[in-house]
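Below: one structure, written as structure tokens.
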Amino acid sequence: MQYSRLLVPTMRNMPADAEVVSHQLLLRAGYIRRVTSGVYDYLPLGLRVLRKIEAIIREEMNRAGAQELLMPMVQPADLWEKSGRLHKYGPELCRFKDRHEHESCLGPTHEEVICDLVARELRSYKQLPMNLYQIQGKFRDEIRPRFGLMRGREFVMKDAYSFHVDDACLQREYDRMFATYQRIFTRLGLEFRAVEADNGSIGGASSHEFHVLADSGEDLIAHCSHCDYAANIEKAVAAVETVTGQAADKTVLATPNTTAAEDVADLLGVPLALVVKTMLYRQQGGDNDGQLVAVCVRGDDEVQEMKLARLLGTDAVELAADDDFASAGGVKGYIGPCGLSVAVYADQSLQGASGLVVGANRPDAHCTGVSLERDADIHQWADIRAVRDGDGCQRCHEGTMVLRRGIETGHVFALGRCYSEPMGVCFQDANGKRAVATMGCYGIGVSRLMAAIIEQRHDEHGIDWPSHLAPFQLSLITLGNKAPVMEASAKLYRALQDAGYDVLWDERRERPGVKFRDHELIGMPWQIVLSERSLERGEVEFSARRAARNPVAIDGIMSHLAVTLEG
RNA sequence: CGGGGCGUAGCGCAGCCUGGUAGCGCACCAGACUGGGGGUCUGGUGGUCGGAGGUUCGAAUCCUCUCGUCCCGACCA
């Protein structure tokens, strides 16, 4: 490709509203342009890289025995009615009516469509297991699209769905997909981590997320410094550490204008860990939608709301409004677990602890000498705290938990029969009996991956693509525009093409600095420079991005490339 | 949903408070000089000032509404 013919609108100025580096560089280097909120054009360079990422994913999926198909983006609402998700999914699902007034939606995911297909075509257990995948555009009407390709509304996803006769077979496929994902992320040159993930309200055996480690990541993940335990913060569990104070009788103390746990600890001169925080939550969704619950954690801990929601069997929890406190029997700022009219859940780290401080449920007062077991009616003890950096590992009991930020780019999920059952994905088993298939699903955010790779691989000059992901294999940069250099360059360009190289020839009438900077910005891994100066010596210069340029005889460049680029 | 910021040329911005010819840098076009790290000079092209309404002799500027966009918050009692 000749540079002057290529649409690469590089920008010298930083786009004002790009926050994260991948978004900035994708815009500046001319890879993407925004069409509307969370929706982007992939310009030629962007598409080239996207296709290379897809190719790796495709290769590894095929290698693992999965087969590619393509499902529609437009889906009929009745399929979603059938799975029970039409009403559950919420406004993220973009719905519309076609001209016949048929309810439709844009696919945010394809469990319904694939189940509909497989339900029709699956007859015998002999057809199983089966793993079908596609690489396709998805639409999710996110509340807040941001960070360019990191959280878009329209994005490219690889989604795979597997079907099995039983859960043992599903587990084998799950493990195979797990290994496949590890291969994919490794081939993409990423520093990543697979973590146990919350499997939410769906249930099922297991779920792992694959996170690309980056400070700009929206997720927090915890892993052990010693063993291989790693989990999303929404699920991570640490070793229980019970801190207990001196056993004493429950006593009410005046604590005027002291509501925050830290202030109470300071005022009373007790460790923060012994001051119990009592939080009032309202459930959202589930059988007890709207109901209030109280939750106790140590003063130095925080409630992990996803854990709480899962424990309660609700979709989500939100902190109660100010006027909810009276109905629960508490006072905002001084709420405590003793004598509340709502169910109280307490973190297991408080079980057996005595000498605690809790809110007295009346203004300007706390109670000391409290034991929750003795003095409060605890509905359930459970792990509802968020793991903190430095907590002990509950698996190996040797390491400590390390918290890092990650970009969720992959997710593998053992679904079980939660979709196949309502969608009627059945087959005849070996005994001639009708059985429901069990199912797994496996996603990779392809366009998000492109951003995630840049988050890890960039410098002040631009993108530093792994060479096999760069939009072109190498650059041929011509300096000067007199006939001899141009002719020699054109000849070399053709020779490179004939040898099968995907080369970007920069034949623009630009000054050297402009060219060098553009190629560095867009992340070209290798460059050949041909100038009047080098031509006189019968040489070109060859270098990796940002590295020193070395002279190579023009006659020898092909063999030099063959050695260097293959290695 | 709530709070805040911002919409002026492709990008980055000034002008607005205090109404009176729409500007600057980069990019782009033409020419010249240059020619190994975003060069210099000369001359140009390009803008419904997000949109609608209002106030006014006159609105980018003041008022109202609206749309878009970005960020923050999702209350740790």
Side-chain angles (χ1 to χ4, degrees), chain A residues 7-20 23-24 27-30 33-39 90-91 143-148 151 255 257-264 272 275-282 284 292 294-305 308 316-322 324-325 328 330-337 340 347 357-361 363-366 384-386 461-462 477-482 485 506 508-521 527 529-535 540-541 543 546 548-549 551:
Chain A
L7 180 62
V8 209
T10 58
M11 294 188 285
R12 200 136 134 188
N13 290 330
M14 192 72 87
D17 48 14
E19 280 287 304
V20 300
H23 190 196
Q24 293 168 348
L27 288 168
R28 274 192 63 209
R33 285 293 181 264
R34 195 184 69 90
V35 176
T36 184
S37 176
V39 177
I143 313 168
R144 194 172 147 199
R146 57 174 164 180
F147 302 152
R151 180 169 295 281
T255 53
N257 302 316
T258 314
T259 59
E262 288 81 1
D263 299 338
V264 174
L272 181 58
V275 179
V276 175
K277 278 201 291 216
T278 306
M279 313 290 296
L280 197 59
Y281 279 99
R282 183 175 292 282
Q284 294 177 307
L292 293 170
V295 177
C296 292
V297 295
R298 275 168 43 169
D300 54 349
D301 272 337
E302 295 198 354
V303 177
Q304 218 310 314
E305 294 180 356
L308 177 62
V317 293
E318 65 170 350
L319 282 165
D322 287 1
D324 289 327
F325 283 80
V331 176
K332 186 171 160 90
Y334 300 93
I335 188 170
L340 288 178
D347 188 77
V357 178
V358 304
N361 289 327
D364 298 328
H366 281 79
I384 43 184
R385 66 184 282 274
H461 302 281
I477 300 176
T478 301
L479 301 186
N481 50 37
K482 298 225 170 73
V485 215
D506 194 345
R508 294 175 299 168
R509 298 175 69 105
E510 289 287 352
R511 297 175 64 84
V514 174
K515 295 192 175 188
F516 291 142
R517 282 180 185 270
D518 274 339
H519 289 258
E520 279 156 20
L521 178 61
Q527 61 177 229
V529 177
L530 184 50
S531 65
E532 286 164 33
R533 188 201 290 174
S534 68
L535 186 59
V540 294
E541 291 157 81
S543 70
R546 299 287 310 151
R549 282 180 272 271

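Every chain is numbered from 1, with letters handed out A, B, ... down the list of sequences.
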Taking [M] as the reference, what is the distance to [N] when you measure between their [atom1] atoms (whole Å, please)?
| N | M | atom1 | result |
| --- | --- | --- | --- |
| B:A32 | B:C71 | P | 47 Å |
| B:U55 | B:U64 | P | 15 Å |
| B:G54 | B:U45 | C1' | 36 Å |
| B:A14 | B:G50 | P | 13 Å |
| B:G47 | B:A74 | C1' | 40 Å |
| B:G38 | B:C28 | C1' | 15 Å |
| B:U69 | B:G31 | C1' | 41 Å |
| B:U8 | B:C70 | P | 14 Å |

Look at the side chain of A:Asp17 and the base of B:C70, then say whether one donor and one acceptor between them are separated by less than 3.5 Å. no
Grab the [atom1]-[atom2] distance between [X] and [N] for me, whole Å please.
| X | N | atom1 | atom2 | value |
| --- | --- | --- | --- | --- |
| A:Leu308 | B:C76 | CG | P | 16 Å |
| A:Leu27 | B:G10 | CG | P | 16 Å |
| A:Asn13 | B:C28 | CG | P | 13 Å |
| A:Leu7 | B:A27 | CG | P | 18 Å |
| A:Arg282 | B:C75 | CZ | C1' | 14 Å |
| A:Glu19 | B:C6 | CD | P | 16 Å |
| A:Glu318 | B:A74 | CD | P | 14 Å |
| A:Arg151 | B:C71 | CZ | C1' | 16 Å |

Watson-Crick/G-U partner (both atom distances under 3.5 Å) of [N]:
| N | answer |
| --- | --- |
| B:C57 | B:G20 |
| B:G2 | B:C72 |
| B:G10 | B:C26 |
| B:A77 | none |
| B:A32 | B:U40 |
| B:U48 | none |

Specify the residue among A:Val331 and A:Phe147 whose closest nucleotide of RNA chain B lies further upstream toward the 5′ end. A:Phe147
By nearest-nucleotide position on RNA chain B, the 5'-leaning member of A:Ser37 and A:Thr278 is A:Ser37
Main chain of [Y], side chain of [X]: is a donor-acceptor contact present, judged purely on distance under 3.5 Å?
| X | Y | result |
| --- | --- | --- |
| A:Arg282 | A:Asp324 | no |
| A:Asp347 | A:Arg385 | yes |
| A:Arg28 | A:Met11 | yes |
| A:Lys277 | A:Val303 | no |
| A:Asp518 | A:Lys515 | no |
| A:Tyr334 | A:Thr258 | yes |
| A:Gln24 | A:Ala18 | yes |

Nearest heavy-atom approach of A:Phe325 to A:Val331 is CD2-C, 4.0 Å
Heavy atoms only: give me the nearest A:Pro337-A:Val358 pair and the separation to one decimal. CD-CB, 3.6 Å
Side-chain contact check for A:Arg34: nearest option of B:U69, B:C13, B:C26 is B:U69
Out of B:A77, B:C11, B:U69, minimum distance to the side chain of A:Thr36 belongs to B:U69
[Y] side chain reached by [X] side chain, heavy atoms, under 4.5 Å:
| X | Y | answer |
| --- | --- | --- |
| A:Gln527 | A:Arg549 | yes |
| A:His461 | A:Leu521 | no |
| A:Ile335 | A:Asn361 | yes |

Annotated protein contacts, base or backbone, on nucleotides 34-45 of chain B with a non-hydrogen cut-off under 4.0 Å, one of B, S, - each: BBBBBB------
What is the nucleic acid contact for [X], judged by heavy atoms within less than 4.0 Å: base, sugar-phosphate only, or nothing?
| X | value |
| --- | --- |
| A:Ala18 | nothing |
| A:Leu280 | base |
| A:Glu262 | sugar-phosphate |
| A:Ala321 | nothing |
| A:Tyr334 | sugar-phosphate |

If you restrict it to nitrogen or oxygen atoms, what contacts under 3.5 Å exist between nucleotides 1-3 of chain B and the protein, and what is each distance?
none

